[in-house]
Every structure is written in structure tokens, then in C-alpha cells.
Amino acid sequence: MNAEAGGSGGVVAAGRSAAGSPTAGGFVPSALGTRAHWDAVYDRELQTFREYGDTGEIWFGEESMKRLIRWMQKHKIPLDASVLDIGTGNGVFLVELAKFGFSNITGIDYSASAIQLSGSILEKEGLSNINLKVEDFLNLSSKLSGFHVCIDKGTFDAISLNPDNAVEKRKQYVRSLSRVLEAKGFFLITSCNWTKEELLDEFSEGFELFEELPTPKFSFGGRSGNSVAALVFQKS
């Protein structure tokens with residue numbers, strides 16, 4: 001599961017309700033937060049790939065993938081470190097990780113069509129040693145654990161839009177992350193809906209900010225800021 005096409009890098013930013021901040025559940029509920037939506041999206045993308053070979057959107061653009069991989073290289077993350085891509089979607093980021101030499105990679109998504117699409121793309125790239133699993137990150141099987149690095153590009157954003165108690169689902173996300181990530185492991189998150197300060201609050205229990213990654217800035221009306229937040233947390 002990744003964010004729907006609709007803007008720079010294929011990601012849709014959520015609207016905020018007038019009722020409150022995202023911490024208080026202030027996102028406007030959207031179909032973008034439902035499994036039915038993503039099943040439909042990846043059914044279409046799978047059909048498009050089969051007919052035309054089009055792999056689909058690169059979420060947050062190619063630079064977002066390079067940014068994360070540069071960080072992993074800078075901090076000398078071992079090439080055999082266990083890496084989990086949460087909400088892998090079309091699996092393009094798995095391909096990039098493999099091209100840079102990472103060999104212990106797992107991609108999960110709760111959409112079976114997304115996993116089928118990822119498998120087809122990996123097969124086309126000649127990559128057979130990447131693990132793919134149909135998994136709902138909020139209701140994980142007991143087999144997923146002990147990852148050194150977990151990566152999220154848009155999945156937490158989508159969960160935040162779920163019409164059915166998104167606040168509790170965000171809390172369950174943090175609990176699941178704590179379960180699958182090993183002690184002192186790293187969590188790399190890219191978000192278009194949450195600011196740095198808001199993410200620090202969301203992941204304050206059990207995680208510490210390790211580094212903020214540079215992202216493109218924008219200027220409007222005499223004010224400047226970042227349209228995307230990219231943070232690295234470490235499990236405490």
C-alpha cells in the first residue's frame with residue numbers, strides 16, 4: 001500500500017478537518033485509507049503492467065528512494081541487514097535496494113494484487129531472492145520480526161485517512177513497528193501529511209529521532225517550508 005497518484009511523486013496529501021490537528025484525529029476520512037481502494041488501484045496497475053509493461057508510480061519520486069539508500073550507505077548499513085518495506089505497493093523500491101546490493105529484503109502489503117504486481121516486476125528484473133508477503137501491518141502474523149531497518153513511504157499517511165477509527169489504527173501501527181524492529185533498529189519514514197513535529201509525537205513511545213533527512217523546500221506568500229517530511233527513528 002502506498003499513496004495514490006495525484007501530485008508530485010504520485011502522492012496525495014490529506015485534507016485537515018476544522019475540528020483539530022492530525023494528532024487529535026483531524027484528517028478528513030478518505031477512501032485512500034481503505035483496503036478496497038488499494039485493491040482496486042493495484043488490480044488496475046497489475047493489468048496495465050501485464051498489457052504494457054508499465055511498472056506504475058514511483059512514490060515521492062526517484063529522489064525519495066535515492067535519499068533513503070544514500071542514508072543507508074552513509075551509515076554503513078550492512079548489505080545483508082534485514083530490511084522491511086512496509087506497504088511495498090509495486091515493489092519498485094525493493095528493486096532499487098537490490099540493485100545497490102542489499103540481499104535480505106522483505107516487502108509486505110495487505111493488497112494481494114500489489115504483491116502480485118511486485119512479484120511480476122521482480123521477475124522481469126531477474127530478482128528471485130526478495131521475500132514478498134501479503135500482510136496487514138496492523139494485524140501481523142507471528143513470522144515477521146527481527147528487522148534491522150523498516151521503511152515506510154506513504155503507508156502511515158494512508159492509514160491516517162482510514163474512516164474507521166484512524167487514531168487507534170495509528171497506535172496499532174506503532175505497536176506493530178515496535179514488534180518487528182529489533183532493538184536499536186532504524187525506522188525510515190517519508191510522509192506528505194505529517195510534519196516533523198507531528199511525527200515525533202506519533203512515534204514518541206519507544207522511538208527516538210536519529211536524523212532528519214533533507215527534502216525539497218517550497219516558498220509561498222513569503223513563507224517557506226517542506227512539502228515532505230523524511231525522518232529516521234531508532235528503536236530505544
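Just so it is clear, the values below take in all heavy atoms, side chains as well, and ignore hydrogens, waters and symmetry mates. Residue indices begin at 1 and follow the sequence shown.
In the model, Asp39 has a side-chain atom that pairs as donor or acceptor with a side-chain atom of Ser111 under 3.5 Å.
Minimum heavy-atom separation, Asp152 to Gly154: OD1-N, 3.0 Å. Closest of all the heavy-atom pairs between Ala230 and Thr190 is CB-OG1, 4.2 Å. Across all non-hydrogen atoms, the minimal contact from Leu140 to Ser176 is CD1-CB, 3.9 Å. In this structure, Ile86 and Leu177 approach most closely via the heavy-atom pair CD1-CD1, 4.3 Å. Between Ser178 and Lys235, the shortest heavy-atom contact is O-NZ, 2.6 Å. Between Leu199 and Ala229, the shortest heavy-atom distance links the atoms CD1-CB, 4.1 Å.
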Identify each donor-acceptor pair in which a side-chain atom of residues 159-168 lies under 3.5 Å from a protein atom, sequence neighbours left out, and give them as a table.
from   : atom 1 : to     : atom 2 : distance (Å)
Ser160 : OG     : Phe156 : O      : 2.7
Ser160 : OG     : Trp194 : NE1    : 3.1
Asn162 : OD1    : Asp164 : N      : 2.7
Asn162 : ND2    : Gly33  : O      : 2.7
Asn165 : OD1    : Glu168 : N      : 3.3
Glu168 : OE2    : Arg175 : NH2    : 2.6

Under 3.5 Å, sequence neighbours excluded: what are the donor-acceptor pairs made by side chains of residues 203-211?
from   : atom 1 : to     : atom 2 : distance (Å)
Ser204 : OG     : Asp201 : O      : 3.0
Glu211 : OE1    : Trp71  : NE1    : 2.9
Glu211 : OE1    : His75  : NE2    : 2.9
Glu211 : OE2    : Lys74  : NZ     : 3.4

- For Leu68 and Phe93, run side-chain contact (heavy atoms from CB on, under 4.5 Å): C-alpha distance rounded to whole Å, both residues' side-chain angles, the deciding distance at 0.1 Å, then the answer. CA-CA 10 Å; Leu68 300 179; Phe93 188 57; 4.0 Å; yes
- Determine, stepwise, if the pair Asp157 / Ser191 fulfils side chain to side chain donor-acceptor pair (under 3.5 Å). CA-CA 6 Å; Asp157 282 352; Ser191 170; 2.6 Å; yes
- Task: Go through the steps to decide whether Glu202 and Val174 satisfy the test side-chain contact (heavy atoms from CB on, under 4.5 Å), and finish with yes or no.
- Result: CA-CA 8 Å; Glu202 289 291 310; Val174 177; 5.5 Å; no
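Salt bridge present: Glu63 and Arg70 bring a charged side-chain N and a carboxylate O closer than 4.0 Å.
The OG1 atom of Thr155 sits 10.0 Å away from atom CG of Leu138, with the distance rounded to the nearest 0.5 Å. In this structure, CG on Leu122 lies 4.5 Å from CD1 on Ile130, to the nearest 0.5 angstrom. A distance of 11.5 Å separates CG in Leu46 from CD1 in Ile115, rounded to the nearest 0.5 Å. Here the straight-line distance linking atom CD1 of Ile121 with atom CG of Leu94 works out to 9.5 Å at 0.5 Å rounding. In this structure, Lys99 NZ and Met65 CE are separated by 8.5 Å, a value rounded to the nearest 0.5 Å. Once rounded to the nearest 0.5 Å, the distance linking OG of Ser113 with CG of Asp43 reads 3.5 Å.
At least one side-chain heavy atom of Val149 sits under 4.5 Å from a side-chain heavy atom of Ile77. The shortest distance between side-chain heavy atoms of Glu45 and Val41 falls below 4.5 Å. Contact annotation: the side chain of Tyr110 never approaches that of Asn139 to less than 4.5 Å [non-hydrogen atoms, C-beta and beyond].
Among residue pairs with one or both ends in residues 129-155, those qualifying as ring pair (Phe, Tyr, Trp, His ring centres under 6.0 Å) are Phe137-Tyr173, His148-Phe186; sequence neighbours excluded. Legend: salt bridge (Lys or Arg N to Asp or Glu O under 4.0 Å) pairs involving residues 177-189, not counting sequence neighbours: none detected.
Under the rule for a side chain to side chain donor-acceptor pair (under 3.5 Å), Ser120 has no partner lying at least two apart in sequence or in another chain. The salt bridge (Lys or Arg N to Asp or Glu O under 4.0 Å) search around Asp136 returns Arg35, not counting sequence neighbours.
Between the side chain of Glu198 and the backbone N or O of Thr195, at least one donor-acceptor pair lies under 3.5 Å.
Exactly one residue among Val83, Leu127, Asp85, Val92 makes a side-chain contact (heavy atoms from CB on, under 4.5 Å) with Leu97. That residue is Val83. When each of Asn104, Leu181, Val180, Thr106 is paired with Ser82, the side-chain contact (heavy atoms from CB on, under 4.5 Å) condition holds for Asn104 and for no other.
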